[in-house]
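Structure, as structure tokens:
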Amino acid sequence: MNGRRLVSLLPWAWLGLFFLVPFLIVLKISLADADLGVPPYTALFEVIDDTVLRIRLNWANFQYVLTEELYAAAFLQSLKLASMATLACLLLGYPMAYAIARSSAAARGPLLMLIILPFWTSFLIRVYAWMAILKSEGPINHLLLALGLVDEPLPLLHSEFAVLIGLVYSYLPFMVLPLYATLEKMDLSLLEAAADLGCRPFRAFWAITVPQSWPGVVAGSMLVFIPAVGEFVIPDLLGGPETLMIGRRLWDDFFMGRDWPLAAAVAVTLLVLLVLPMALLQHTRAGAER
């Protein structure tokens, strides 16, 4: 029994050390006031005359984040692009994962290697490569001009389309791998039984394969959606001035404006908006399974 408790204690200790403690630090900064000193925020706790402890909590940062139209627009655009990228990754990743799971044992290793291979290159270099591909003098516009499909180069770079392409390309492996892990363990005898009972392959796919792969769909969608919402590098390099995602807004507040409390309030608000719905979803799923 002690060994089981120790095994379960290690993940909780890891979460407490690398998630809860940093979150509490960010939350403390978000409730402070901006200051010109080092660090650039005031202390929450102040001792007066060595006897009185005064606590100063500033909720104005959260009020500003929740009422300012700029942050509302950034949150909505982040959610929109992250949702579109998650859906696109699902539509592209599901057939890829299904094909790998149904391929021969000898072919699965090389196919999975092709999925993981982009991780061997720096993330920043891969985003810069897309800048070269999508620019006006890039290969896509050269091909379209050579084929006579357009009369002038298309403004592909610095647009929402470019950001969406970058998000899908960067996070597609995070969708494929959980789906493959789920599909590879599926009991194929169920499909054989359905075929023996006269069920068509397409109907058997929707009635048997899709429900059994649902845990992989949920896991892959979360692995794509969560980092895509707070993405900074891709919208900063591929997006235009109108592509204002919350990651860029947080960067500007933290480094350009040096308003650490406001940036921390943005980070805490984003975390709450993401964690609470997912916690409710997990709680609902757990109740339904009981």
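Quantities reported herein were computed from a predicted structural model and do not represent experimental measurements.
The side-chain heavy atoms of Leu87 and Met84, taken from C-beta on, include no pair separated by under 4.5 Å.
Hydrophobic clustering keeps Met256 apart from Leu70 (ILVMFWY residues linked when any side-chain heavy atoms are closer than 4.5 Å, directly or through intermediates). Transitive grouping of hydrophobic side chains (ILVMFWY, heavy atoms separated by less than 4.5 Å) keeps Trp251 and Leu244 in distinct clusters. Taking hydrophobic clusters as Ile, Leu, Val, Met, Phe, Trp and Tyr residues chained together by side-chain heavy-atom distances below 4.5 Å, Leu223 shares a cluster with Leu274. Under the 4.5 Å side-chain heavy-atom criterion for ILVMFWY residues, a single connected hydrophobic cluster contains both Phe123 and Ile133. Residue Leu17 is not grouped with residue Leu9 when hydrophobic side chains (ILVMFWY) are merged at heavy-atom distances under 4.5 angstrom, including chains of intermediate members.
Every pair passing salt bridge (Lys or Arg N to Asp or Glu O under 4.0 Å) that includes a residue from residues 73-93 is listed here, sequence neighbours excluded: Lys80-Glu160. The list of side chain to side chain donor-acceptor pair (under 3.5 Å) pairs with a residue in residues 62-75, not counting sequence neighbours, reads Tyr71-Asp253. Within the structure, side chain to side chain donor-acceptor pair (under 3.5 Å) contacts touching residues 110-129 (residues at least two apart or in different chains) do not occur. Residue pairs that meet the side chain to side chain donor-acceptor pair (under 3.5 Å) test with at least one member in residues 103-112, sequence neighbours left out, are Arg108-Glu184.
Residues Val163 and Met245 approach most closely at CG1-SD, 4.1 Å, considering heavy atoms. Nearest heavy atoms, Ile100 versus Leu111: CG1-CB, 4.0 Å. Residues Ile246 and Gly230 share a closest heavy-atom pair of CG2-CA, 4.4 Å. When all heavy atoms of Asn61 and Ala265 are compared, the pair lying nearest together is CB-CB, 3.7 Å. Listed here is the closest heavy atom pair of Thr243 and Ser159: OG1-C, 3.9 Å.
Atom-to-atom distance recorded for Leu250:CG and Thr269:OG1 is 10.0 Å, nearest 0.5 angstrom. Remark: Asp259 CG to Asp252 CG distance equals 12.0 Å, nearest 0.5 Å. Phe119 CZ to Leu117 CG: the interatomic distance, rounded to the nearest 0.5 Å, is 10.5 Å.
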For residues 22-43, please give each side-chain donor-acceptor pair under 3.5 Å, one per line with the distance, not counting sequence neighbours.
residue: Ser30; atom: OG; partner: Leu27; partner atom: O; Å: 2.6
residue: Asp33; atom: OD1; partner: Asn58; partner atom: ND2; Å: 2.6
residue: Thr42; atom: OG1; partner: Asp33; partner atom: N; Å: 3.1

If you look only at distance, which donor and acceptor atoms sit under 3.5 Å apart when one is on a side chain in residues 232-239 and the other is two or more places apart or in another chain?
none

Acceptor/donor pairs from residues 139-146 side chains to any protein atom, 3.5 angstrom cut, sequence neighbours excluded:
residue: Asn141; atom: OD1; partner: Leu154; partner atom: N; Å: 2.7
residue: Asn141; atom: ND2; partner: Lys135; partner atom: O; Å: 3.2
residue: Asn141; atom: ND2; partner: Leu154; partner atom: O; Å: 3.2
residue: His142; atom: NE2; partner: Glu137; partner atom: O; Å: 3.1

Atom pairs and distances, donor-acceptor, side-chain atoms in residues 166-183, under 3.5 Å, two or more places apart:
residue: Ser170; atom: OG; partner: Gly166; partner atom: O; Å: 2.8
residue: Tyr171; atom: OH; partner: Glu231; partner atom: OE1; Å: 2.4
residue: Thr182; atom: OG1; partner: Pro178; partner atom: O; Å: 3.1
residue: Thr182; atom: OG1; partner: Gly216; partner atom: N; Å: 3.4

Cut-off 3.5 Å, no hydrogens considered: what does the side-chain donor-acceptor table look like for residues 189-202, sequence neighbours left out?
residue: Ser189; atom: OG; partner: Asp187; partner atom: OD1; Å: 2.6
residue: Ser189; atom: OG; partner: Asp187; partner atom: OD2; Å: 2.9

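Residues passing the side-chain contact (heavy atoms from CB on, under 4.5 Å) test with Ile165 are Trp130, Phe161, sequence neighbours excluded. Applying the ring-ring contact (aromatic ring centres under 6.0 Å, His included) rule to Trp14 yields the partners Phe18; only residues at least two apart in sequence or on another chain are considered. With sequence neighbours left out, Tyr94 forms a ring-ring contact (aromatic ring centres under 6.0 Å, His included) with Phe205.
Counting heavy-atom neighbours within 6.0 Å of Arg102 CZ, excluding the residue itself, gives a total above 12.
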